[in-house]
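Here is the structure we will look at, set down as structure tokens.
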Amino acid sequence: MVQATPFLLVLFLALGAHGLSVKKCNLTGRWVNDLGSNMTITTVNADGIFAGSYHTAVTATSNEIKVSPLQGAVQKSPNQKGQPTFGFTVNWAFSDSITVFTGQCFVDEDGKEVLKTMWLLRSRVENIKSDWKATRVGINVFTRLQLPE
């Protein structure tokens, strides 16, 4: 048992060092999703609150697409492991609708940050009988927008 102690110590240190090398995911910055929509998240404050803008590449309306404001929060927990969950709302500036997103920020095997999200879009309808068609659901994957060098 005494000879196993150095081996266990080295194993413990190796596993601990691996855990320390995990890159943390940072929401701040510019992102693009799988549909070509662009999102910018400004600095996340100490309470996890953030704001930004969203420029969608897709819409169901014939209105001119405009950059729209977003507001959100990232989970700030003492148990936070560097790949946080978050949520944000986009108040569309060009239509009578609003979208809420929820997701998690991941760092993939190549060290790239990825936002995996699910959303609900609520559009205004004329009356309660039309409520059945007022909410859409979907998913988006965002990657950090790399600026040209």
Side-chain angles (χ1 to χ4, degrees), residues 10-149:
V10 170
L11 181 63
F12 176 78
L13 291 173
L15 291 174
H18 173 71
L20 293 175
S21 67
V22 173
K23 183 178 176 189
K24 293 188 177 190
C25 202
N26 180 5
L27 289 179
T28 303
R30 297 181 62 206
W31 300 87
V32 62
N33 73 16
D34 45 322
L35 298 175
S37 298
N38 289 287
M39 172 176 64
T40 301
I41 297 176
T42 57
T43 305
V44 179
N45 75 18
D47 294 326
I49 306 301
F50 61 86
S53 61
Y54 198 104
H55 189 219
T56 186
V58 296
T59 182
T61 179
S62 59
N63 298 343
E64 177 188 351
I65 295 174
K66 296 180 182 176
V67 175
S68 299
L70 69 81
Q71 294 182 0
V74 61
Q75 178 62 39
K76 299 294 260 187
S77 162
N79 299 322
Q80 179 31 262
K81 302 293 187 232
Q83 299 192 79
T85 57
F86 60 88
F88 62 90
T89 301
V90 179
N91 186 4
W92 301 110
F94 59 91
S95 69
D96 291 335
S97 59
I98 196 161
T99 302
V100 293
F101 287 79
T102 187
Q104 186 170 357
C105 189
F106 292 100
V107 178
D108 70 12
E109 306 81 38
D110 299 322
K112 295 188 179 187
E113 295 163 302
V114 176
L115 306 180
K116 297 279 285 186
T117 67
M118 179 172 239
W119 52 262
L120 291 170
L121 180 144
R122 176 64 187 213
S123 298
R124 189 184 80 69
V125 291
E126 292 301 320
N127 56 55
I128 198 166
K129 289 181 182 177
S130 297
D131 184 62
W132 65 271
K133 64 181 179 178
T135 303
R136 297 178 184 173
V137 63
I139 58 171
N140 284 125
V141 177
F142 292 83
T143 54
R144 189 168 295 283
L145 187 60
Q146 302 299 322
L147 299 176
E149 295 180 20

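Small disclaimer: the values here were computed from a predicted structure and weren't measured. Side chains are part of it too, since the values below use all heavy atoms of this structure and drop only hydrogens, waters and symmetry mates.
Between the side chain of T42 and the backbone N or O of A51 there is at least one donor-acceptor pair closer than 3.5 Å. In this structure, D110 contributes its side chain and K112 its backbone to no donor-acceptor pair below 3.5 Å. The backbone N or O of A134 lies less than 3.5 Å from no partner atom in the side chain of D131, so there is not a single donor-acceptor pair. At distances below 3.5 Å, not a single donor-acceptor pair connects side-chain atoms of E113 with backbone N or O atoms of R144. With hydrogens and angles disregarded, no donor-acceptor distance shorter than 3.5 Å links the side chain of D47 to the backbone of I49.
Here the CG-OG1 distance, from L121 to T135, works out to 8.0 Å after rounding to the nearest 0.5 Å. Atoms CG and SG, on N26 and C105 in that order, are 7.5 Å from each other to the nearest 0.5 Å. The line from CH2 of W31 to OG1 of T143 is 8.0 Å long, rounded to the nearest 0.5 Å.
Within the 4.5 Å cutoff, no side-chain heavy atoms of T102 are placed close to those of T85. A 4.5 Å side-chain heavy-atom check between Y54 and N33 finds at least one atom pair inside the cut-off. Taking 4.5 Å as the limit, some side-chain heavy atom of F50 sits within range of a side-chain heavy atom of L70. Counting heavy atoms from C-beta on, the side chains of Q83 and Q104 come closer than 4.5 Å. Under the 4.5 Å side-chain criterion, counting only non-hydrogen atoms from C-beta, N140 is in contact with F101.
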(request) Decide side-chain contact (heavy atoms from CB on, under 4.5 Å) for V114 and K116; before the verdict, give the C-alpha distance in whole Å, the side-chain angles of both, and the deciding distance to 0.1 Å. (result) CA-CA 6 Å; V114 176; K116 297 279 285 186; 4.2 Å; yes
(request) For side-chain contact (heavy atoms from CB on, under 4.5 Å), just list the numbers for Q71 and T89, CA-CA rounded to whole Å, side-chain angles, deciding distance to a tenth of an Å, and then say yes or no. (result) CA-CA 5 Å; Q71 294 182 0; T89 301; 5.6 Å; no
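For the side chain to side chain contact (heavy atoms under 4.5 Å, CB included) with M39, the qualifying choice from V32, L115, L27, V90 is L115, the only one to do so. The only member of I41, T117, D34 that meets side chain to side chain contact (heavy atoms under 4.5 Å, CB included) when paired with F142 is T117.
When the shell of 6.0 Å around CZ of R136 is examined, it contains 12 or fewer heavy atoms from other residues, nucleotides or ligands.
Smallest separation of non-hydrogen atoms from W92 and T99: NE1-OG1, 2.7 Å. A57 and S37 get closest at one heavy-atom pair: N-OG, 2.9 Å. Considering every non-hydrogen atom in both W119 and I139, the closest pair reads NE1-N, 3.6 Å. The two residues S68 and A93 come nearest to each other via the heavy atoms OG-N, 2.9 Å. For the residue pair K66 and H55, the shortest heavy atom distance occurs at C-CD2, 4.2 Å.
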